[in-house]
Number of protein chains: 2
Amino acid sequence: MSSCDTCVVRNRAICAGLDNQEIAALSAMGRRRAVAAGEPLIWEDDDSLLVANVIEGVLKLTTSTEDGREQIVGVAYPSDFIGRPFGQTSKASVVALTDARVCVFARNDFDRYAREHPELEHKLLERTLAELDRTRAWMMLLGRKTAPEKIATFLLEMSERLSETGCAVKLGPARRFSLPFSRQQVADVLGLTIETVSRQFTKLKNEGVIELPSRREVEILDRPALVALAG
Amino acid sequence: MSSCDTCVVRNRAICAGLDNQEIAALSAMGRRRAVAAGEPLIWEDDDSLLVANVIEGVLKLTTSTEDGREQIVGVAYPSDFIGRPFGQTSKASVVALTDARVCVFARNDFDRYAREHPELEHKLLERTLAELDRTRAWMMLLGRKTAPEKIATFLLEMSERLSETGCAVKLGPARRFSLPFSRQQVADVLGLTIETVSRQFTKLKNEGVIELPSRREVEILDRPALVALAG
DNA sequence: TTTCCTGTTTGACCTCGATCAAGGCGCGTT
DNA sequence: AACGCGCCTTGATCGAGGTCAAACAGGAAA
């Protein structure tokens with residue numbers, strides 16, 4: 001297989017609703033690519049030259065101020081779409097948090113293909129609307145929630161997002177999981193500093209709400225307490 | 001005219017790319033409706049029963065916590081689309097900030113119509129992507145900017161958004177404009193308190209950066225200074 | 001004109017989370 | 001085992017912005 005069939009075939013987001021012929025055509029356009037943890041895929045303010053599809057791994061979407069403050073504005077999990085179709089520049093950088101595999105398309109080709117295949121555009125629209133909902137919920141967190149509330153909300157979201165990953169069967173939220181974020185990155189998601197994040201984590205541990213087996217591992221001991229704290 | 005032809009015809013967002021027959025069909029579905037300032041159009045967590053198109057006026061999109069904290073997560077101007085197609089519930093309340101006129105569609109009808117008219121879905125996709133970009137830029141503001149930066153950014157955004165309104169010719173950003181927000185609402189947009197907003201406004205006035213002819217009026221005296229402050 | 005009402009400004013104070021500064025821990029390398 | 005290097009935690013202190021309270025418009029009604 002010269003192109004990345006499985007890359008598209010595995011992807012329920014893009015494929016649903018397309019027939020075999022369409023899937024084959026999309027496959028021929030895409031190029032599978034491995035991205036190592038920490039490696040960038042798209043730079044903020046770059047010309048929007050490519051769009052991609054996450055097959056495996058987790059990536060962060062960030063914007064930064066000139067003086068180096070960073071805010072993570074989105075997180076892409078397997079089956080998520082990244083990049084900016086129908087736009088001249090992308091407004092966010094994309095960097096892999098874990099080793100990842102993605103399926104990359106030239107934006108021009110993808111745009112053209114999408115316009116000719118309404119089913120694909122419809123899928124894209126549904127996902128974009130869902131992402132907008134999620135982003136708006138995050139605005140409430142950033143603008144109005146306290147540090148303890150932010151941390152609790154974050155842990156609950158993580159436990160849900162990470163349980164779905166790569167699994168067709170819908171499991172409940174994960175009780176124990178491995179964070180794809182460093183403490184600094186958690187801070188960048190929540191609009192906090194690394195020290196505040198650390199302090200809140202240890203506070204929750206001391207209160208018996210969570211356990212921290214290692215730096216990246218989290219185990220939720222008392223979910224109801226976490227839900228109450230999330231507000 | 002029994003239905004709201006002009007409501008659709010005036011709307012460059014929805015109409016561009018549709019032929020006359022399609023516009024007529026859309027028109028037959030929509031119902032023009034006036035919304036008084038302060039009046040709600042959609043409630044948070046309601047079943048998503050309608051979608052709409054802003055013809056005139058400004059509306060706010062909000063989410064709230066149970067204890068009453070509010071965050072404005074979006075603002076809809078003329079030609080903007082509001083509501084949640086293809087979704088069971090809407091995640092935000094929509095309330096008019098000024099007297100407004102909108103063109104309302106039953107969500108079911110609209111969904112069906114959209115799926116049959118790829119050009120409409122494409123338009124919708126482009127707008128949703130643009131709105132997502134704008135929302136992500138706002139996340140950076142909420143998570144990482146200081147109060148003075150937030151206020152400066154807000155004033156610049158207002159001066160741009162309010163100059164476009166209802167005018168086909170692309171003017172530059174407005175030098176003087178009338179805020180569609182009360183101080184409390186500005187606070188809800190920026191994740192601040194009303195007192196902080198007020199103090200920052202008077203500080204800018206004392207520094208000669210802006211003038212405040214009345215409660216709602218703003219005149220920008222020193223735009224470069226504002227740009228510098230916005231960061 | 002005066003009164004009232006609501007939204008805004010201003011002041012005094014306090015708190016949460018940021019900042020600054022050590023230390024500690026896990027882990028790979030020599 | 002000892003060292004070095006990131007990352008994380010913990011402590012001490014500070015300050016931006018929140019909270020509480022009072023005074024101050026500006027517009028509508030009497």
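Each chain gets a letter, A, B and so on, in the order its sequence line appears, and its residues count up from 1.
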Legend entry - Pair B:R144 + A:D188, salt bridge at N-O below 4.0 Å: yes
Legend entry - For DNA chain D, the residues among residues 191-205 of chain A that have a non-hydrogen atom under 4.0 Å from it: A:E195, A:S198, A:R199, A:T202
Protein-nucleotide distance ([X], atom [atom1]; [N], atom [atom2]), rounded to Å:
X      : N      : atom1 : atom2 : result
B:R144 : D:dG17 : CZ    : C1'   : 17 Å
B:R216 : C:dT8  : CZ    : P     : 7 Å
B:R69  : D:dT19 : CZ    : C1'   : 14 Å
A:I151 : C:dG17 : CD1   : C1'   : 12 Å
A:L212 : C:dC25 : CG    : C1'   : 14 Å
A:F181 : D:dC7  : CZ    : C1'   : 17 Å
B:D188 : C:dT8  : CG    : C1'   : 15 Å

Inset, instruction - Flag the pair A:F81 / A:F105 as yes when their ring centroid distance falls below 6.0 Å, and as no otherwise. - result: no
Inset, instruction - Might you confirm whether atom NZ of A:K91 has over 12 heavy atoms from other residues, nucleotides or ligands at distances under 6.0 Å? - result: no
Legend entry - Sugar-phosphate, base or nothing in reach of A:T146, heavy atoms under 4.0 Å: sugar-phosphate
Legend entry - Minimum-distance nucleotide (side-chain atoms of B:P148 versus C:dG17, D:dG17, C:dT8): D:dG17
Below 3.5 Å is the cut-off: list the nitrogen or oxygen pairs between protein and nucleotides 23-25 of chain D, distance only.
| from | atom 1 | to | atom 2 | distance (Å) |
| --- | --- | --- | --- | --- |
| D:dA25 | N3 | B:R215 | NH2 | 3.2 |

